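In what follows, a structure is listed as structure tokens, so that the remarks can point back to it.
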2 protein chains.
Amino acid sequence: MSTFDNIIDAAMAIVRDQGVAKLTLDAAAKAAGISKGGVLYHFKSKDDLIRGMVQRLIDQCDQLNHDYYQRESEGPYRWARTMVHACFDPTGPANDPVGGALLAAITVNPVLMAPIHAMYARWQERLAGDSPDMERAGLVCSAMDGLFFQRLMGIRLGDSAASERLMRHALDLLTPKEGASS
Amino acid sequence: MSTFDNIIDAAMAIVRDQGVAKLTLDAAAKAAGISKGGVLYHFKSKDDLIRGMVQRLIDQCDQLNHDYYQRESEGPYRWARTMVHACFDPTGPANDPVGGALLAAITVNPVLMAPIHAMYARWQERLAGDSPDMERAGLVCSAMDGLFFQRLMGIRLGDSAASERLMRHALDLLTPKEGASS
DNA sequence: TTCACTATACCGTCCAGCCGGTACACAAAC
DNA sequence: GTTTGTGTACCGGCTGGACGGTATAGTGAA
């Protein structure tokens, strides 16, 4: 793997394992097996490193959404259903240390959140495009957000079986039934 | 207002307006109109200050939940409905800078999140006590979490009218209809 | 006078960013 | 084919500033 990506991975791992406060250039360098100078060669500042982490998170989300969208059956709420599946993907951001990018960004410099805002705007558009009921889609996706952030904050509610049931319930809400409104 | 609470308010405001990184003892003191020595008189360390912020958040949540619970009609999902109303309360944590306590805690010292975890455990119990369908309640409450965290991260989706519709939809899902299961 | 509270000065530590230097690969010049 | 030059990747020490925490002195009310 490239040193560039290696550094980002190391930084993510630090945030997950030791907390945002421990993310220093020195620590990231050591975790990546190089020196601080090496880190600063690839990222010209700490902000820049965090920008890279955020971009990684976004890329991963886009990739995951794209993959699941292809697999998802056509019809209403296709994007919303995609989001649900992506949220429960065991290799997705919800379960990976990439989420730490958010904490790092909001902590060190809230301006670095801008790409995230843009990402949400894109999602919003997609949802609006194929959701018969935008409130329904928004609620379910917000719930996915909730689950994601809970994990990010170290809050664990229920086991994997409960997660499975929750996912089914979410998908159920996105499957229009004839003769039943809610 | 007591100096104690004044300092906490000032700290919250800093986190909201300038980001967690700017929350220093000096800054909190200045914002509260006293000196650093004064802050350290009331809180024996920065961790202690953040503990105070977290406690404030929890107290506010408990208070809000209690109030809305009284007003909420009896029946299934009473606690879940309470959570929805509390989430959209304009003076509640979702719209107040108190949420910054979470960011400060997770950033400076993840151990400080312990009271939050306990709070979630309490909520979980309450929900389980009066929710006919725990998945339904969990999903709706997770959505409230999602909205809360989105605001915390500076993500604004939709205006107040959209919020209103979202709230109604959430409450709708918690109002059992005869002859319709989901 | 005592106590609750606040101000000021200071110390030790940590960290971001800078910079001079090294190693190596490749290439053009002679 | 040796020398000289150029660019990339990385190293590690240094420094200036910021921050948490301590010590101590001061102040006003009871």
Side-chain angles (χ1 to χ4, degrees), chain A residues 1-56 100-113, chain B residues 1-56 100-113:
Chain A
M1 188 194 303
S2 72
T3 304
F4 186 92
D5 289 321
N6 198 25
I7 296 170
I8 292 183
D9 285 346
M12 299 283 199
I14 290 172
V15 173
R16 182 196 50 187
D17 298 336
Q18 301 167 250
V20 200
K22 301 289 175 139
L23 176 61
T24 66
L25 295 180
D26 263 319
K30 197 156 289 183
I34 62 172
S35 75
K36 190 165 68 166
V39 172
L40 281 162
Y41 174 78
H42 291 282
F43 303 92
K44 64 177 183 297
S45 70
K46 190 176 181 180
D47 276 19
D48 205 34
L49 169 59
I50 295 172
R51 252 188 293 273
M53 296 168 71
V54 169
Q55 194 54 53
R56 164 76 70 86
L102 281 187
L103 291 179
I106 197 99
T107 296
V108 174
N109 187 354
V111 173
L112 300 172
M113 289 290 286
Chain B
M1 188 193 302
S2 72
T3 304
F4 186 92
D5 289 321
N6 198 25
I7 296 170
I8 291 183
D9 285 345
M12 299 284 198
I14 290 173
V15 173
R16 183 196 48 188
D17 298 336
Q18 301 166 251
V20 199
K22 302 286 179 165
L23 176 59
T24 66
L25 294 178
D26 265 320
K30 198 157 289 183
I34 62 172
S35 73
K36 191 166 75 164
V39 172
L40 281 160
Y41 175 79
H42 292 280
F43 303 93
K44 64 176 184 295
S45 71
K46 190 176 181 179
D47 275 19
D48 205 35
L49 169 59
I50 294 173
R51 252 188 294 274
M53 295 167 72
V54 170
Q55 194 54 53
R56 164 76 70 87
L102 281 187
L103 292 179
I106 197 101
T107 296
V108 174
N109 187 354
V111 172
L112 301 172
M113 290 289 287

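Computed over heavy atoms, backbone and side chain alike; hydrogens, waters and symmetry mates excluded. Since we're looking at a predicted model, the values are computed, not measured.
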query: What distance separates Met12(B) CE from Leu23(B) CG, expressed to the nearest 0.5 Å?
result: 10.0 Å
Straight-line distance of Gln18(B) CD to Arg16(B) CZ, nearest 0.5 Å: 10.5 Å
message: Within the structure provided, determine whether Leu103(B) and Thr107(A) are in side-chain contact (heavy-atom separation under 4.5 Å).
response: no
Residue pairs fulfilling ring-ring contact (aromatic ring centres under 6.0 Å, His included) with at least one residue in residues 1-24 of chain A, sequence neighbours excluded: Phe4(A)-Phe43(A)
- prompt: For the pair made of CG in Leu49(B) and P in dG21(D), what is the distance, rounded to whole Å?
  reply: 10 Å
task: Take atom NZ of Lys46(B) and atom P of dA18(D), then tell me their distance rounded to the nearest Å.
output: 15 Å
query: Is any side-chain N or O of His42(A) closer than 4.0 Å to OP1 or OP2 of dC10(D)?
result: yes
- request: Indicate for each nucleotide in nucleotides 24-30 of chain D, in 5' to 3' sequence, whether protein heavy atoms under 4.0 Å reach the base (B), only the sugar-phosphate (S), or nothing (-).
  value: -------
query: Considering all heavy atoms of both residues, which atom of Ala29(B) and which atom of Lys36(B) are nearest to each other, and what is their separation?
result: CB-N, 3.5 Å
message: Please identify the 5'-most and 3'-most nucleotides of DNA chain C with any atom under 4.0 angstrom from a heavy atom of chain B.
response: dA4(C) to dT8(C)
field: Stretch residues 19-41 of chain A: residues that reach within less than 4.0 Å of DNA chain C through a heavy atom
entry: Leu23(A), Thr24(A), Leu25(A), Lys36(A), Leu40(A)
- prompt: What are the two closest non-hydrogen atoms of Ala105(A) and Leu112(A), and how far apart are they?
  reply: CB-CB, 4.0 Å
query: How long is the gap from CG on Leu40(B) to CG on Leu49(B), to the nearest 0.5 Å?
result: 9.0 Å
Set of side-chain contact (heavy atoms from CB on, under 4.5 Å) partners for Val108(B), sequence neighbours left out: Lys46(B), Asp47(B), Ile50(B)
query: In terms of side-chain geometry, is the basic nitrogen of Asp17(B) or Lys22(B) positioned less than 4.0 Å from the acidic oxygen of its partner?
result: no
- request: To the nearest 0.5 Å, tell me how far Ile34(A) CD1 sits from Tyr41(A) OH.
  value: 11.5 Å
query: Closest approach of Ala28(A) and Ala10(A), non-hydrogen atoms and distance?
result: O-CB, 3.9 Å
query: How about Asp9(A) and Arg56(A): do any of their side-chain heavy atoms sit closer than 4.5 Å?
result: yes
- prompt: Do Leu102(A) and Met113(A) have side chains that get closer than 4.5 Å, going by heavy atoms?
  reply: yes
- request: Both distances under 3.5 Å, Watson-Crick or G-U wobble: on that basis, could you give the dot-bracket string for DNA chain D, with [ ] for crossing pairs and | for other-strand partners?
  value: ||||||||||||||||||||||||||||||
